[in-house]
Amino acid sequence: MIRFPEVQRKAQAEIDRVLGGRLPEFNDQEDLPYISAIVKEVLRWQPIGPISVPRAASEEDIYRGYYIPKGAIMVPNSWSLLQDKEHYPEPHIFRPERFMKDGKLNPSVRDPVKIIFGYGRRSCPGTHIALSFLWLTAATLLKTFDLSKAVDENGNTIEPSMEFHAGVICEPAPFKCNIKPRSAEAKELIHSVEMTP
Ligand code: HEM
C-alpha cells in the first residue's frame with residue numbers, strides 16, 4: 001500500500017462506500033471484491049513461498065516428453081506459475097485489477113490461491129483460515145489506517161527498498177513507513193475493539 005498509494009485509495013473508497021462507519025466482518029467479503037483482489041495480487045506478485053514442498057515420483061512417468069524415473073525428487077516452481085505472462089499479463093506489475101471484471105472478481109483468471117498453498121492431497125490444510133484472516137486484516141487496516149512513505153529528518157521521502165529476503169520463505173526486508181489513523185472516527189473504531197486484560 002505504501003508503494004502503490006493509488007491501490008490504497010481505491011480500496012479505501014470501496015470500504016467507505018460499503019461499510020460506512022463500521023469495521024469489516026468476514027461476511028462482507030462478497031461486497032468488497034477489490035480487497036479480495038488485493039489479497040490475491042499480494043500472494044501472486046511476491047509469493048511468500050516461491051518454491052513449494054518437493055515431491056518424489058512414486059512411479060516412473062513421462063511428462064511432456066521428459067522421462068521421470070521412480071523416486072526422482074521434483075520441486076514445484078510456484079514463482080514461475082505466478083509470473084506466467086499468459087495468465088498474468090505484465091506479471092512484474094502489482095495490479096489487483098487483473099482479478100476484476102465489471103466490478104466483480106473475474107473467475108476466469110487463474111487463482112493464485114491454487115498455487116501458493118501447495119498442490120494435491122498434501123496442500124495446506126490452513127488455506128481457508130489463512131485467507132480469511134489475511135482478508136480481514138487487510139480490510140480492517142485499510143478501513144482504519146493510512147499507510148504512507150516515511151519522511152527523514154530533512155523532510156525527504158524515504159522510498160521503501162522493495163528488497164526481499166531470498167529463501168524458502170520470502171519476506172520483505174525491514175523498511176520505514178508511516179501508519180496513522182485515518183480520522184478521529186477511525187481512532188474511535190480502533191479503541192472500540194481494544195482488548196482489555
Ligand atoms: C499465507 C499463509 C500460508 C501459506 C502461504 C501456506 C502455504 C503452505 C504450503 C505451500 C504448504 C505445503 C503444501 C504442499 O506440500 O503441497 C503448507 C503446508 C501446511 N500448512 Fe500452510 N500455509 C499458510 C498458512 C497456514 C496456516 C494458518 C496453517 C494452520 C492453521 C497451516 C498449516 C499447514 C500444515 C499443517 C501443513 C502441512 C500439510 C501436510 O504436509 O499434509 N498453514 N502450507
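Numbering of ligands and ligand atoms starts at 1, following listing order.
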Per-atom contacts, ligand 1 versus [X] - under 4.0 Å to a heavy atom:
X: Val53; value: 12 (C), 15 (O)
X: Ile129; value: 27 (C), 30 (C)
X: Ile48; value: 5 (C)
X: Ser52; value: 10 (C)
X: Arg55; value: 14 (C), 15 (O), 16 (O)
X: Tyr119; value: 16 (O)

among protein heavy atoms, the one nearest atom 39 (C) of ligand 1 is Arg122 NE, 3.2 Å
Give the residue and atom name of whichever protein heavy atom lies nearest to atom 10 (C) of ligand 1, and the separation in Å to one decimal.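 Checking every protein heavy atom, the shortest distance to atom 10 (C) of ligand 1 gives Ile116 O, 3.4 Å.
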A quick test of your reading: do over 12 heavy atoms of other residues, nucleotides or ligands sit less than 6.0 Å from [atom1] of [X]?
X: Tyr63; atom1: OH; value: no
X: Phe164; atom1: CZ; value: yes
X: Tyr66; atom1: OH; value: no

Side chains of Asp146 and Ser148, donor plus acceptor under 3.5 Å: no
Nearest heavy-atom pair of Ile35 and Ala138: which atoms, and what distance? CG2-CB, 4.3 Å
Flag, side chain of Asp84 to backbone of Leu81, donor-acceptor distance under 3.5 Å: no
Can you confirm if the NZ or CZ of Arg44 lies within 45° of the ring axis of Tyr88 and under 6.0 Å from the centre of its six-membered ring?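 Positive - Arg44 is close enough to the ring of Tyr88 and near enough to its axis.
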From Arg182 CZ over to Ile15 CD1, what is the distance, rounded to the nearest 0.5 angstrom?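 Interatomic distance, Arg182 CZ to Ile15 CD1, rounded to 0.5 Å: 7.0 Å.
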What pairs with Glu97 under side chain to side chain contact (heavy atoms under 4.5 Å, CB included), at least two apart in sequence or on another chain? Lys10, Tyr34, Arg95
Classify the contact between His128 and ligand 1 as side chain, backbone, both or neither, using a heavy-atom distance cut-off of under 4.0 Å.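 The answer is neither; His128 stays 4.0 Å or more away.
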In terms of side-chain geometry, is the basic nitrogen of Lys143 or Asp16 positioned less than 4.0 Å from the acidic oxygen of its partner?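 A salt bridge is present here (some side-chain N lies under 4.0 Å from a carboxylate O).
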Tally every protein N/O/S atom whose distance to atom 21 (Fe) of ligand 1 is less than 2.8 Å; waters are neither shown nor counted. 1
